[in-house]
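Accompanying notes for the structure given below.
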Amino acid sequence: MAHVTAHRRKILARIRRIGGQVGALEKLLQGDVECGAVLTQIAAVRGAVHGLMLEVLEDHLSEHVVAEPRRRGRAREMGAVTSLLRTYLK
């Protein structure tokens, strides 16, 4: 996945932020906080993971579907992406 390597620093920065958000969620759950604060943090984590997924998926589609010269190769990659999205969206 050369496209991931090309954007490694940006992706790793996102992952570190997600880790920080998950850590904050854990601290909230260890303390005595209201449900609203926990739900807000869960939504923030979900949003961050969703953003990461979209960024990597966009690069993947550009590199392995749009730029794929062979129709059969595009179809194969599109099937793989569709399967991945079905799993992700469950």
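Predicted model only: the values in this text are computed from it and were never measured.
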Inset, instruction - Can you tell me which residue pairs pass the salt bridge (charged side-chain N to carboxylate O under 4.0 Å, His left out) test with a partner in residues 11-28, sequence neighbours excluded? - result: Arg14-Glu55

Inset, instruction - Not counting sequence neighbours, list each pair that qualifies as a salt bridge (charged side-chain N to carboxylate O under 4.0 Å, His left out) and has a residue in residues 71-90. - result: none

Inset, instruction - Look at the side-chain heavy atoms of Ile, Leu, Val, Met, Phe, Trp and Tyr, link any pair under 4.5 Å apart, and say whether Leu57 and Met78 land in one connected group. - result: yes

Legend entry - Sequence-distant partners of Gln21, side-chain contact (heavy atoms from CB on, under 4.5 Å), two or more places apart: Ile18, Gln41, Ala44, Val45, Ala48

Legend entry - Atom pair CG (Leu89) and CE (Met53), whose distance is rounded to the nearest 0.5 Å: 7.5 Å

Inset, instruction - Would you list the pairs meeting salt bridge (charged side-chain N to carboxylate O under 4.0 Å, His left out) in which at least one residue belongs to residues 30-46, sequence neighbours left out? - result: none

Legend entry - Check: Ser83 side chain, Gly79 main-chain N or O, donor-acceptor pair, under 3.5 Å: no

Inset, instruction - Give me the other members of the hydrophobic cluster that Leu25 sits in, counting Ile, Leu, Val, Met, Phe, Trp and Tyr linked by side-chain heavy atoms under 4.5 Å, directly or via other members. - result: Leu28, Leu29, Val33, Val38, Ile42

Legend entry - Partner set under salt bridge (charged side-chain N to carboxylate O under 4.0 Å, His left out) for Arg70, not counting sequence neighbours: Glu68

